[in-house]
Amino acid sequence: MASNFWTSTHYKELKDPEEINVVNPIDAQRGISVEDFRLIKLHMSNYISKLAQHIKIRQRVVATAVTYMRRVYTRKSLTEYEPQLVAPTCLYLACKAEESVIHAKLIVFYIKKLYADEKFRYEIKDILEMEMKILEALNFYLVVFHPYRSLPEFLQDSGINDTSMTHLTWGLVNDTYRMDLILIHPPFLITLACIYIASVHKEKDIRTWFEELSVDMNIVKNIAMEILDFYENHRLFTEERVHAAFNKLATNS
Amino acid sequence: MGDGSSTRSNSSNSSTEKPEWLQQYNLVGKIGEGTYGLVFLARTKTPPKRPIAIKKFKQSKDGDGVSPTAIREIMLLREISHENVVKLVNVHINFSDMSLYLAFDYAEYDLYEIIRHHRDKVGHSINTYTVKSLLWQLLNGLNYLHSNWIIHRDLKPSNILVMGDGEEHGIVKIADFGLARIYQAPLKPLSDNGVVVTIWYRAPELLLGSKHYTSAVDMWAVGCIFAELLTLKPLFQGAEAKSAPNPFQLDQLDKIFKILGHPTMDKWPTLVNLPHWHTDVQHIQARKYDSVGLHNVVHLNQKSPAYDLLSKMLEYDPLKRITASQALEHEYFRMDPLPGRNAFVATQPMEKNVNYPTRPVDTNTDFEGTTSINPPQAVAAAGNVAGNMAGAHGMGNRSMPRPMVAHNMQRMQPQGMMAYNFPAQAGMNPSVPLQQQRGMGQPHQQQQLRRKDPGMGMSGYAPPNKTRRL
């Protein structure tokens with residue numbers, strides 16, 4: 001349902017982590033490892049954010065775009081669906097779905113501005129063709145629920161809705177899109193995980209509040225651990241490694 | 001639509017060849033045309049050869065790909081499933097000409113044609129059983145949409161389809177979701193999206209420039225449709241102002257005031273906050289009509305339940321206007337004749353059944369919209385191919401099981417509504433035990449409920465496109 005998460009296609013399409021970290025055989029042939037796959041998706045998520053900042057597109061649209069991109073790669077290969085084209089097209093499509101329509105030429109303009117590489121200069125027709133392919137790859141499931149939605153209520157309800165908490169949790173939620181969490185967990189659990197991290201970090205004891213929620217805290221803590229792991233390893237995600245991963249894609253096997 | 005149901009045409013096909021995916025259907029002909037493309041009637045090649053309405057979206061000319069209207073319609077239709085809402089059975093992409101096809105179960109009739117047939121051909125009103133059943137089912141579908149935070153925004157007789165012969169004979173299907181919105185948290189005021197609701201069915205708060213856009217606008221439209229089913233004439237037939245991009249529709253308001261009387265601050269306290277209430281003080285506030293009286297227009301006793309329900313739908317204050325779920329519980333639906341599943345045929349026939357004309361089909365147009373040179377031949381029983389082609393996408397499903405409704409249920413009790421509530425959420429995600437999901441789900445939804453309408457605007461709208469059928 002459009003507003004009921006439990007009857008939505010988003011809920012029905014949630015995946016196990018094992019299903020997501022599978023490198024498409026075509027990509028595997030080119031030597032892409034699970035780690036490369038993750039890096040490329042991370043890099044393209046960042047790229048979508050950057051592009052969106054230039055065009056002044058709102059965060060929820062960015063989140064939807066990243067979700068679309070990550071969903072595409074649960075079904076399609078990086079080789080056949082060029083990430084440098086898929087990412088901006090997902091942003092373009094998300095703008096339509098989230099009622100913030102932008103012109104394709106604007107996207108094309110900013111791609112050229114952001115990507116120095118001649119190889120990834122796309123024309124409007126490339127975007128439009130990819131839009132159709134993405135719609136198909138998404139099986140036309142376009143409604144995405146985000147952790148942002150329940151964030152203000154949870155913060156208020158737990159009594160820690162001061163500005164610094166809000167900023168911290170909002171930032172944490174933004175960072176969850178650098179991972180595949182949105183494909184795996186119901187969004188409100190991601191919200192809770194972010195609030196959990198923030199409360200521990202800011203030394204706010206809201207354990208009682210968490211206990212009163214009828215929610216499996218083990219899952220929330222597991223998501224929180226994943227997020228913390230991501231931050232831990234973030235320094236290792238260097239430009240060089242990203243380049244190396246993309247180079248594997250570029251080689252003809 | 002099943003998983004992975006979309007098919008992809010071979011991109012090497014030239015545009016003159018029939019795309020691969022189309023070969024599962026036999027084209028019957030064109031049944032509608034609109035700004036966004038064409039609607040075709042086709043039949044599946046495999047038995048039972050059920051009829052399918054195929055809506056073809058053209059690639060927009062401005063170089064901006066799939067139209068946002070199509071995107072919105074697909075995204076909503078992919079999420080919803082209800083007996084009284086059209087069923088999207090398939091989506092096809094034709095890469096050779098970058099067009100998009102939506103396949104729906106076909107519905108033979110719509111309220112526009114049914115009303116017209118009675119007015120122009122039959123010469124008597126629609127029987128009470130049929131009116132009540134059509135209204136109940138319309139409300140039932142609308143209640144489902146509203147419970148899922150979807151406002152239709154363009155309800156009018158031609159968008160309310162009714163199934164023809166078959167297992168679903170006489171069942172109402174709400175169609176045309178091109179303007180529908182999920183109203184949880186729009187990023188932009190809805191007014192930015194342009195066209196909204198044909199003016200005859202447009203709620204007074206919208207005509208007065210309301211920024212708050214709620215499900216109550218759909219209920220106003222239902223009230224107008226209810227009255228039209230009773231009298232066979234549009235209730236408020238205003239002349240549309242087309243001067244500016246979003247003109248103030250004075251005449252439409254005037255028509256409403258003449259019948260319902262002037263709205264007052266007593267009855268509608270937030271009236272003062274509406275922009276147009278002040279823009280044309282002389283015409284809007286100064287005129288005082290002696291109300292003709294709604295009951296006189298619709299020929300109903302003021303004490304009758306039918307009148308009571310209608311007047312509650314046409315309540316000026318959107319906050320006081322009856323909701324779809326309240327309307328379904330109304331006394332009108334609890335008294336004889338009770339509403340039924342087949343709006344055309346009551347179990348105990350008390351009145352003569354009317355045979356409605358089938359939809360006219362233009363058999364000389366192919367999927368590309370190209371008209372052949374063969375001489376035209378009449379296929380349809382009656383009616384002409386009017387510009388007001390009814391929403392030609394509906395449901396014609398005869399063989400597939402309908403999970404939510406008992407098949408042979410002839411009469412629907414108002415309490416039967418419960419059967420339409422959301423199916424229990426199956427535990428799909430093995431990593432989250434079902435119990436906890438449910439436990440969490442409830443408060444989550446309640447929190448959403450509290451955040452109703454976070455500042456949506458609806459300050460103006462482009463003139464409705466009369467031919468917008470797709």
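Order of the sequence lines sets the chain letters (A, B, ...), proteins ahead of strands, with each chain counted from 1. Keep in mind it's a predicted model, so treat the numbers as computed, not measured.
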Report yes if some heavy atom in the side chain of A/L142 is under 4.5 Å from a heavy atom in the side chain of B/E79; otherwise report no.
no
Atom pair OG (A/S8) and CG (B/N148), whose distance is rounded to the nearest 0.5 Å:
10.5 Å
Is the side chain of A/E131 donor-acceptor paired with the backbone N or O of B/G65 at a distance under 3.5 Å, no angle test?
no
Would you say the side chain of B/R72 lies within less than 4.5 Å of the side chain of A/E99, judging by non-hydrogen atoms?
yes
Toward chain B, the part of A/I127 with a non-hydrogen atom under 4.5 Å:
neither
Output the option from A/L138, A/L135, A/I124 having the highest count of non-hydrogen pairs under 4.5 Å with chain B.
A/L135
I need the B/I80 CD1 to A/T9 OG1 distance, nearest 0.5 Å.
11.5 Å
Could you walk me through whether B/M98 and A/K125 pass side-chain contact (heavy atoms from CB on, under 4.5 Å), step by step?
CA-CA 10 Å; B/M98 300 277 278; A/K125 74 166 182 42; over 6 Å; no
Please check this pair: side chain of B/R78 against backbone of A/N139, looking for a donor-acceptor N/O pair closer than 3.5 Å.
yes
Any donor-acceptor pair under 3.5 Å linking the side chain of A/Y141 with the backbone of B/M75?
no
Supply the atom-to-atom distance A/E136 CD to B/I93 CD1, rounded to the nearest 0.5 angstrom.
5.0 Å
Heavy atoms of other groups near A/R207 CZ, more than 12 under 6.0 Å:
no
Output yes when a side-chain donor or acceptor of A/K105 lies under 3.5 Å from a complementary backbone atom of B/D64, and no otherwise.
no
Side chain to side chain, A/F140 and B/N90, heavy atoms closer than 4.5 Å:
no
Atom pair CD/CD1 of A/E98 and B/I71 - distance to nearest 0.5 Å
12.0 Å
Is the number of heavy atoms from other residues, nucleotides or ligands under 6.0 Å of A/E129 CD greater than 12?
no
